[in-house]
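Notes follow once the structure below has been shown.
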Amino acid sequence: MSLERIVSRVTSNQSRKLAEGHKAIANAIGYLDEQFCQVEDLQDEASPNFVEEVVTLFFKDSGRLMSNIEQALDKYPRDFNRWDAYMQQLKGSCSSIGASRMKNECMSFRDSCGQGNVEGCMRSFQKVKREHAILRQKLESYFQLLRQAGPAGAATRPVM
């Protein structure tokens, strides 16, 4: 097999995997906003895994914050100020990576806190946890496909 054919086959395979990665991120539209693209823009050759590292830190931090919220909901019934303070931290983390659907649910939770609505807080928190799980799955798929695509995948970002 000629060198051109091998390069063509590899490039075709990378392009297919990259297209799958773009499809994965397109599937995440509505879950992510322009802030995610800005985080991607910070990635360069010196730190080729920057975005994945930021997202990994987000999931570690957000998991800790959600655990704190869950404990506060159990330990401090009707302590809306405490609940709101924890959720404000989570909302900030969501904003920093562009997790728009999670951020919106955090805002709903905070609105319920402001209204003294325990049931609304509980419902919103369940939605936050669901959005968190969905976002994790979508981003894990995206990064897995980018890793499979190789360096060409890391250099190209889909338009959101």
Any salt bridge between E52 and R147, counting N to O under 4.0 Å?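 Salt bridge present between E52 and R147.
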When rounded to the nearest 0.5 angstrom, what distance separates [atom1] in [X] from [atom2] in [Y]?
| X | Y | atom1 | atom2 | result |
| --- | --- | --- | --- | --- |
| R101 | E131 | CZ | CD | 4.5 Å |
| F125 | S108 | CZ | OG | 14.0 Å |
| I69 | C106 | CD1 | SG | 6.5 Å |
| Q71 | R82 | CD | CZ | 11.5 Å |
| L145 | Q148 | CG | CD | 5.5 Å |
| L32 | I97 | CG | CD1 | 6.5 Å |

ILVMFWY cluster, [X] and [Y] together (side-chain gap under 4.5 Å):
| X | Y | result |
| --- | --- | --- |
| F36 | M107 | no |
| M102 | M122 | yes |
| I134 | L90 | yes |

Is there a side-chain contact between [X] and [Y], using heavy atoms and a 4.5 Å cut-off?
| X | Y | answer |
| --- | --- | --- |
| C37 | E34 | yes |
| D44 | F50 | no |
| V118 | F80 | yes |
| L135 | F59 | yes |

Could you pull out the closest heavy-atom pair between [X] and [Y], with the gap in Å?
| X | Y | answer |
| --- | --- | --- |
| S47 | L42 | OG-O, 4.5 Å |
| V55 | L139 | CG1-CD1, 3.8 Å |
| D84 | C113 | N-SG, 4.0 Å |
| R78 | W83 | N-CZ2, 3.4 Å |
| N117 | G120 | OD1-N, 2.7 Å |

Steps toward side-chain contact (heavy atoms from CB on, under 4.5 Å) verdict (D33, K103): CA-CA 10 Å; D33 60 23; K103 181 184 79 174; 4.3 Å; yes
What salt bridge (Lys or Arg N to Asp or Glu O under 4.0 Å) pairs are there with at least one residue in residues 54-69, not counting sequence neighbours?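 Pairs touching residues 54-69 that pass the test: D61-R64.
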Flag, side chain of S67 to backbone of G63, donor-acceptor distance under 3.5 Å: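 Pair absent, no side-chain N/O of S67 close to backbone of G63.
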Within the side chain of Q43, is there an N or O that forms a donor-acceptor pair under 3.5 Å with the backbone of V51?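 Checked: pair present.
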Classify the ring geometry between F58 and H132 as parallel (under 30°), tilted (30 to 60°) or perpendicular (over 60°).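 Aromatic pair F58/H132 classed tilted.
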